[in-house]
S.K.: 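Pasting a structure here, questions to come.
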Amino acid sequence: MISSIVLTTGLLLILIGLWGMLTHRNILRIVIGFSLMGTGTHIVIVAIGYVANGTAPIIDHALSLSEAASRAVDPIPSALAVTAIVIGMAVTAVMLAYAIRLYEAKRTLSIDAFTESKW
Amino acid sequence: MIRRLSIIVAIVAFGLVFASLVIGHTEQQSLLPLAESYIRLVPQELGAANVITGILLTYRAFDTLGEVAVLFMVAAGVGLVLGGERPPRSGPLEDRFEGARPPSEIVQTGTQILVPLISIFAAYIIMNGHLTAGGGFQGGAVIASGVLLMLLTYPQYQPNPEFLGVTESVAGALFVLTGIAGLIAAGGFLDNRILPLGQFGAFFSAGTIPILSALLGIKVGCELSVILERFRP
Amino acid sequence: MMALIGSVLVLLGAIFHFSAGLGMLRMPDVYTRMQAGTKASTLGNTLVLAGLAIYHPGWSLKLLIIVYFVLMTNPVSSHALARAAHSIRIPMAGDTGIDALRDARQKAGSGT
Amino acid sequence: MVESLLHPLNIFIVGLGGGFLIPLFYRLGKSWVAAAFVLALAAMTLISGYALFVLLNGAAPIEILTGGAKPPYAINLRMGLAESIFAFGVNLVALFGAAYVAREGYGTLLLYLLLVMGIQGMVMTRDLFNLFVFLEIVSIATYALLGLRDAPEALSATFKLLMATVLASTFFLIGTLLLYAATGILNIDELIANRSSITGPIGFAALIFLLACLLLELKPFPANGWGLDVYETARSDVAAIISGGVSAGVFFGLLKLLPLFEDQLELIAVLGAITFVFSNLIGLQQTKAQRLLGYSSIGQMALLTIAAPLLYQLKAGDAMFLVVGGLFINHLFAKVGLFWLAGYVGKERLQDWAVLARRPGTILVFGILIVAISGLPPFPGFWAKWQLIMTLAAGDLYVWIAIVLVGSLLEAAYMFRWFSLALHSPAEIDAEPQGQSDLFPIFGMALLLVASGYLAGELAGLAAPWAYMPLAAGLVLYMLARLPSGMQCLIVLILVSAGGTSLILSLSGINFLFAMLLLAGGLVVSIACLARADPRPGFYPLLAVMLLSLPALPRAMTSLEFIFIWELITLSSYFLILQRTEAASHALQYLLFSLAAAFFLLCAFAVLQAQTDSVSLSALRVAGPDSAPVFVLLAIGLLIKAGAVGVHVWLPGAYAEADDDVSALLSAVISKVSIFGLLVGTYVAIRSEVSLNLALVMGWIGMLTTLAGAMLAARQDDLKRMLAYSSMSQLGYIVAAIALMSHLGWVTALYLVANHLLVKGILFLVAAAIILRTGKRLIVELGGLAGVMPVTFTTAAIAIVAMSGLPPLAGFGGKWLLLSAMIEKGWYGPALMTLLATFVGFVYMARFIQAIFLGPRKAARDALTEAPITLLIPQILLVAGIFLMSFFPKLLIAPISEAIDPQFASTLVWQGMSLEMIYGYWNPVPVMAFAVIVSAILLGLFWLLLRSGWWAAIARVEIGGMRSSLYQGLKTVFTMLTPPWAQGLWGGLATATTASAERIRMLYTGNGQTYNLYILYYFLALYIAGGGLRHLWPTD
C-alpha cells in the first residue's frame, strides 16, 4: 500500500515537472521543471524497490544477517537511484550553464527568443 | 490557445498512462530472486554491511565508474561552455557586480561553526560507507555543500583550481588502477577481494570498498566544488 | 505514560509544521513568507525530535546533535536568503511600514 | 600477454584512465596532452581492429566480465562480430577526426575521448542500466562539445537538443526501472530469455518507454526539429561525430533490444519509413549544407530503422549482417566525410560550394562521398540496399521495397543537385575555401569507403575482377591526368580496346554480338574526342569507365552483376553530361530517370529471385507462367531508359546539352544499353499468355514513340535537339521490333540497332563539326554548307539516306524486315504506323539536308573550312560500316539469326545473296517502285492542298514560296499534334513534390518548447499505436 502512495506522488511530481517545463517561458523555470521531473523519477525508482514492511538493507544490530532476506527492502533500485540522482544533477548543471550562456548571448531568458534556425 | 489546449491534452494523456501504471502496480510481498541473492551475497562474498554500497562499488562498479566519468565530464564541460579561463577575481566584491554587499555578520559566524561540523559529518559518511548508510557520492555531496557555504560567505575565497584538478584526476586514476588491480589479483575488473575482507562490521573490512568509497568521496567533492566555483560570476 | 507525553510533543511539532506550510501559502510577500516558514518549522523540528527522544531514550544524544544542527542551519540560511532578496530589491508587500535594513544602509551610506 | 593487452575491456581502461590522466598531462605540457589523446584513440582503434580480425576468422564472441562475478549479478559486456564492426568503424572515424580536435584545449580532448568510449560502451554493454549510463556519458559529452561554437543560434540549438535528450533519457530511466519492476532483471540476455514475463500495463509501458527513448534519440520525423537545428549550427567535426558516432551507439542499442520489442517490429518499421520518406522529401528544399546533411543523416538512420526490424521479423540472420553492417558503414564514412568537407569549405549556402570547382582532387572526393551516400555502386550502400531488397522480396514485403526505393530516389535527387550546384554555380574567381581544417581525414574517408565497398561486394557475391575493370581503368586514367588531352584520349582508346576484347572473348550468341557492337561503336565514335585539345578535367577517366562498362554489361551472368554494371554506366554517363555547365539541370533529370529505371529493374530481379530463387539472368528464360510482373517491371524500367513516349522528357535535354562528342556517344551507343536490356529481359514474355498481350502494348508504345519522336524532331529549330528526337523515334522502331517476340522481329531489331548506331554516330559527328566550325546551333542560321564542307555533306547525305529507309542502303532492308515481321505477326495497326512515321521521318531528314547544306549560303559562311580530320575519320569508318551492311547484309544477318536461334525457330532461308523469305523475295526493285509511287502521291496531294488554299485555313499561314511554306505548314500541324503532355506531367509532379516539401517543413517552428511537445506526442502516439489502449481502459 505504501509503495502505491509513493509511486503516485512520484508520478504526480513528473506530471507537474512536465507541465512546468511546457507552460513556463522562462528558461530557468524550464530547468526547474526538468529537475522536478528528475526528482519524481527518483521517487518512482525508490517506490518500485519497496517490499511490504521492509527496512533498509543494511546488516547491523537492527537487521541480522539471517532475517535480512525476509525484512530488507530491494537494494538494487536504491543503488540505481544513487546513480540516477548524480546524472540528474549533472544534466541540470549543464542546463544551467547553457542558460547562463543564452542569457549572455541575448540578454533574455524567454525560450521564444531562441528560434533562429528553423525549417 | 491551441498551444495551451494541446499541452493540457498531452499532460492528461500522460496522466492516464501513469494511472495505468499505478493500477497495475502490486506491492512486492517478498524480494525478487536477484535482489534476494544480492542481500545474501554482499555480506558473505564482499564482507560489506551496507548492501547498496556493496552493489555500487563492486557488482555494479562499472556503472559507478561510468558515473564518475559523467561527473568528470560535467566539470570539464561546464568549464568549456562557460568560457574556460575566468578573469582572476581581483578587487573587492562591489566593483565586480553592482548591489553586492559583504555577507552579514550572522552568516559569517554561522559558517565558522557549521563548516567544521559539515566536514566531520562528510568524513563520517564517506569512511563508513560500507557499514552504515552513505558512501562516496553522498559524502562528496556533503563536502560540496560545505564548500558552497564557504563560497557564499567569503567572496574572495577561491578553492585552488590547480589542487582540485589534480586531486580529481589522481582520484579517478587510482579508481581505475584499483579496478585493474582487481583484474590482476582477484576475480575480475573492479573486484574488491584484493584486500582481506576483514572482520564483518569492522572499520577496515570489505576489501577495497572503503578505499574506493574514499576515492569516490574525494573525487565527487572536488568535482562538485569545481562546478560550483565555475558558476560564480 | 511517557509514550503519551512523547506523542503529544510529536503532535505539537506536527501542528507547527502545518502552520509553517499554511504561512508559506497565505503570507503576501517573500519576507513574511520567509519568517513564517523558518520559525514554525524550526520549532516544529525541535518538538518532534524531543518527542522522539522520549520514545527512544537511547537515541537522545544523537537527537540532541540533530536539534543543534537544525537550530544552527535553519535561521542562518533563511537570514541569508532574506538579505539576498532584499539586495536584488524584490518588492515588499504594500502595507509594510518600516524597512530597517534600508534605513541602516542609508545611514551607513550617508554617514561614511 | 598480447592477448590480455588486446582484450576489449582495455578500451574502457584506456578511455577512462586516459580521460582522467589528460588533465595531469596538461600540467606537464601542451604537446603531451595531444600525444596522450591520439595515443589513446589509436590504442582503442587497434583493440577493436584486432577484435574484428579475430572474430572475422570465426572466433566466438568475446565476453567481458566486471565486478568479479557472473552476469546476472555483475555487469558484463560482449564484443561480437556486429559490435566489432560498429566499434572499429567509430574508432576509425574518431582517429581520423582527431586531426580537427588535437589543437583544442585539454577539456575538449578529454570529452572527445570519453565520447568515443561512451559510444563503444553503448555498443558492447549487455546490462540495461549500464546502457543508460553510457547513453548519458555520450549525451553529456555531446552537450559539452557543442559548446565549442559560441554563436547564439548554436547555443539555442544545443539547448533544444539538451531539453529533448533529457526527456528521452528520462523515458529510458523510467522504462528500465519499470522493466525491473515487472521482471526483476537488468541483464539484457536474461531479459530476452524470459521476455514472456513482461506483461501487464507496467511491462507494456516499460517497453514503450524504452522504445520511445531509442527512437527519439535517432531523431524520428515529426519530433526531430531539435536534431536538425543542432546539425545545422554545430561545428562541422562535432556534427560529424554526432551523426556518425552517437547515432551508431543509439542504433546498436535498438538493435540489441529488438528481441524485446517482438510485437512492435511492424510499428518500428512504419515509424522508420515515415522518417525516411519525409526527411528525404524535405531535403529537397534545403539551401544550407549542414542542415541538408542533417536531413540526409536522419534519413539514413531511418533506413536502418526500417531494415533491422523487418529483417529480424524474416529471421534473415546473414542478410541482416550485410544489410545493417553495410548501410551503417556506408552512412558512417560518407556522412562524416561530408561534414568534414563542410568544415573544410566553410561556406553555408550550397551555391557557395562552387569554390571547390577548380580543385579536381576535392571534387573527386566530394563526388565519391555523394555517390556513396546515394547508395550507388561500388560503395557498401549499394550492396546493402541490393541485399535488403532481395530479402524483402523473398518475404513478399513489396510495399517496403517501394518505400525504400522512393526514399533513395529523393535522396539521390537532392544530393546530386548539391553536387551539380557545387560544380557549376558561378563562383568569385579568387574564392578560397577558408575552412581551416585539412583535407587528409576526408581523403581517408573516401579510401575507407572504396575499401569497404569492395569488401561488401565480396560479401554480396560479386568479386569478379572483370566487374571492377572499368573502375580500374578510370583510376589509371585519373593518375595520368597531367598528360595532354590528346595523349590521354589515345591511352583511353588503347586501354578500352585491350580491356574490351578481353571482356568479350568469352561471350557467345546475342551477348557476344551486342558486346562487340557496343565496343566497336564506342571506340569509333570516341575517336572524335581527339578533336578537342583543351584540358578537360575528369573527362578521360569517366570516358574510360563508360566505354569499358558497355561491353561488360553483356558479360553479366547474374542479376547483381547486371545492375552493378548498369548503374556504373548511368553514373559515368551522368558525370560526362555534367562536364558542360549548361547541361547541369538536364543531367540531373537524366540521372533521376535512369535511377528510376534501375530501381524498376531491381524490383523485377527481386520478384524473379523470389519466384525462382536463383540469382542468374538465365532464370529469365526458365521463369514460370506467373512471371508477368517480372516482364511488366522490366519493360517499364527499360522503356524509361530507352526514352519511350511518356517518359522521354529527359532525352532531348541530356542528348542536346551535353558536349558534342558526349552526345554522339550517348545517342549512338549508350541508348543501345536499354535495347540489350530488352533483349535479355523481355524474352520472359513468351512464358505466359498475359505477357504476350503486354508485348503488343509495348509494340504500340514503340510505334507511338517513333511517331511522336519524328513529329517532335520535325518541329525543332535546334540542330542537336532535332537529332535527339530523331534518335528517340528510331529507338521506337527497335522497341516495336523486339515487342514482336518473333525470330524475324528480333533479327530486325538487331539489324536496326546496328544501322542506328552507324547512322546516329555520323549525324551527331556532323552536327559536332558544324557547331565546331560555325558556332551556330539553330538550323535557321545555317545554310549552304555543302560547298564549304563537302566531305561532311557527303557523309551526312549517306547517313540520311540510310536512316530514312530509302534503298539501296541498309535502312531500307531494316524497314522492310520490320514491315514483313509485323505482317507475319498480324500487327496491321503498327505496320500502318510504321509507314506514317517513315513519311514524317522523310520530312525532318529532308529538312536536315536542305536547310543546312543546300539552299543560299549566308554571307558569313565563305571563310569556313572543312571539319577537322579527327572528326572525319570516325564518320568515314561509320560510312564504310553502312556500305558493308547495305551490300552484304548476309554478313550481319546470318550471325544474328543464329544468335537468336535458341530463342526462336529460324524462318529465314538463305538463297545466295538475296534473302528468300517465306513471303517472297527481298527483291528491291518492285518495292522501290512502290515506295517512290507512294511518296510521290503524298507529295502531290500536299501540293494540291497548298494550291487550293484550303491548306492555309488549317495552317493559318500566308502562302509564300512553295518549299518554305510547305515546311511551315507541316511544322504547325506537328506542333498541334504534339502538345507537351509529358512535359506537363513530369513538371507537375516535380512542383507538387517540392510544394509539399515546402509545406511540411513549416512544421519546424524553431521553438524548443514546441519540440518538447512534439516529443511527448510522439511518445503518446507510440503508446497508442503499440496497442496501449487496452491497458488504459482495463476491459476486464
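Chain letters run A, B, ... following the sequence lines, proteins first, then strands; residues in each count from 1. In this text, all values refer to a predicted model and were calculated from it rather than measured experimentally. Computed from heavy atoms alone, side chains included, the values below leave out hydrogens, waters and symmetry copies.
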S.K.: Keeping the roles fixed (side chain from A/Arg101, backbone from B/Val81), state whether a donor-acceptor pair exists under 3.5 Å.
M.R.: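 Side chain of A/Arg101 to backbone of B/Val81, a donor-acceptor pair under 3.5 Å: yes, one is there.
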S.K.: With only heavy atoms counted, which part of A/Leu80 is less than 4.5 Å from chain B, the side chain, the backbone, both or neither?
M.R.: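 Answer is side chain: those atoms of A/Leu80 sit under 4.5 Å from chain B.
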S.K.: Chain A contacts: which residues in residues 212-226 of chain B have a non-hydrogen atom closer than 4.5 Å to it?
M.R.: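 The list, in residue order, reads B/Leu224.
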S.K.: Between A/Ser4 and B/His25, does the side-chain hydrogen bond (donor to acceptor under 3.5 Å, both in side chains) criterion hold? Intermediate values first, please.
M.R.: CA-CA 7 Å; A/Ser4 302; B/His25 171 67; 4.5 Å; no
S.K.: Heavy atoms, side chains only, cut-off 4.5 Å: are B/Val74 and A/Met89 in contact?
M.R.: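 Contact flag for B/Val74/A/Met89 side chains = no.
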S.K.: Relative to chain A, which segment of B/Arg60 carries a heavy atom at a distance below 4.5 Å: side chain, backbone, both, or neither?
M.R.: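 Just its side chain gets close to chain A.
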S.K.: Name all pairs fulfilling the ring pair (Phe, Tyr, Trp, His ring centres under 6.0 Å) condition that reach into residues 89-115 of chain A, sequence neighbours left out, sorted by first residue then second.
M.R.: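 Matches after skipping sequence neighbours: none remain.
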S.K.: For residues B/Ser30 and A/Val51, determine if any side-chain heavy atom of one lies less than 4.5 Å from a side-chain heavy atom of the other.
M.R.: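 A side-chain contact under 4.5 Å is absent here.
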S.K.: Looking at chain B, which one of A/Ile2, A/Asn53, A/Val94 has the largest number of heavy-atom pairs inside 4.5 Å, strictly under?
M.R.: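 Of A/Ile2, A/Asn53, A/Val94, A/Ile2 has the most heavy-atom pairs under 4.5 Å with chain B.
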S.K.: Identify which of A/Ile87, A/Val44, A/Asp60 forms the greatest number of heavy-atom pairs closer than 4.5 Å to chain B.
M.R.: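 The residue among A/Ile87, A/Val44, A/Asp60 with the greatest pair count is A/Ile87.
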S.K.: Which pair of heavy atoms, one from B/Leu82 and one from A/Ala97, lies closest together, and at what distance?
M.R.: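 Looking at all heavy atoms of both residues, the closest pair is CD2-O, 3.6 Å.
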S.K.: What option among A/Ser70, A/Ala90, A/Ala56 has the most heavy-atom pairs under 4.5 Å with chain B?
M.R.: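 Heavy-atom pairs under 4.5 Å are most numerous for A/Ala90.
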S.K.: Within a strict 4.5 Å, meaning less than it, do heavy atoms of the A/Ile100 and B/Phe231 side chains meet?
M.R.: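 Yes, close enough: below the 4.5 Å cut-off.
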S.K.: Chain B: which of A/Asp74, A/Thr23, A/Thr8 shares the most heavy-atom pairs with it under 4.5 Å?
M.R.: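 Max contact count across the listed options: A/Asp74.
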S.K.: Output the option from A/Leu7, A/Leu12, A/Leu22, A/Val86 having the highest count of non-hydrogen pairs under 4.5 Å with chain B.
M.R.: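 Heavy-atom pairs under 4.5 Å are most numerous for A/Val86.
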S.K.: Examine whether an atom of B/Thr64 lies under 4.5 Å from a heavy atom of chain A, and if so say whether it belongs to the side chain, the backbone or both; otherwise answer neither.
M.R.: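 No part of it gets close to chain A.
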S.K.: So what's closer than 4.5 Å to chain A heavy atoms on B/Leu228: side chain, backbone, both or neither?
M.R.: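 Neither; nothing under 4.5 Å.
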S.K.: Do B/Val42 and A/Ile59 make a side-chain contact, defined as non-hydrogen atoms from C-beta onward lying under 4.5 Å apart?
M.R.: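 No; the side chains remain at least 4.5 Å from each other.
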S.K.: Non-hydrogen contacts under 4.5 angstrom with chain A: give the residues of residues 138-145 of chain B involved, or none if there are none.
M.R.: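 When heavy atoms of chain A are the reference, residues 138-145 of chain B contributes B/Gln138 within the under-4.5 Å range.
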S.K.: Please state whether the side chain, the backbone, both or neither of B/Glu36 comes within less than 4.5 Å of a heavy atom of chain A.
M.R.: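 For B/Glu36, side-chain heavy atoms alone lie under 4.5 Å from chain A.
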S.K.: Looking at A/Ala72 and B/Ile39, what are the two nearest heavy atoms and their distance?
M.R.: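 In this case the closest contact between A/Ala72 and B/Ile39 is CB-CD1, 3.3 Å.
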S.K.: Do A/Ser3 and B/Glu27 get their side chains close enough for a donor-acceptor pair, meaning under 3.5 Å?
M.R.: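 Yes, B/Glu27 and A/Ser3 have a side-chain donor paired with an acceptor closer than 3.5 Å.
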S.K.: Provide the closest heavy-atom pair for A/Ala79 versus B/Ile55 in the form atom of the first, atom of the second, distance.
M.R.: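 Minimum heavy-atom separation between A/Ala79 and B/Ile55: CB-CG2, 4.2 Å.
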S.K.: Within residues 10-20 of chain B, which residues come under 4.5 Å of chain A, heavy atom to heavy atom?
M.R.: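 Hits under 4.5 Å: B/Ile11, B/Phe14, B/Gly15, B/Phe18.
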S.K.: Chain A: which of B/Leu32, B/Leu56, B/Ile227 shares the most heavy-atom pairs with it under 4.5 Å?
M.R.: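 Option with the top pair count is B/Leu56.
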S.K.: Heavy-atom pairs under 4.5 Å with chain A are the metric here; pick the option from B/Val70, B/Ile8, B/Thr132, B/Asn50 that has the most.
M.R.: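 Of the candidates given, the most pairs with chain A belong to B/Asn50.
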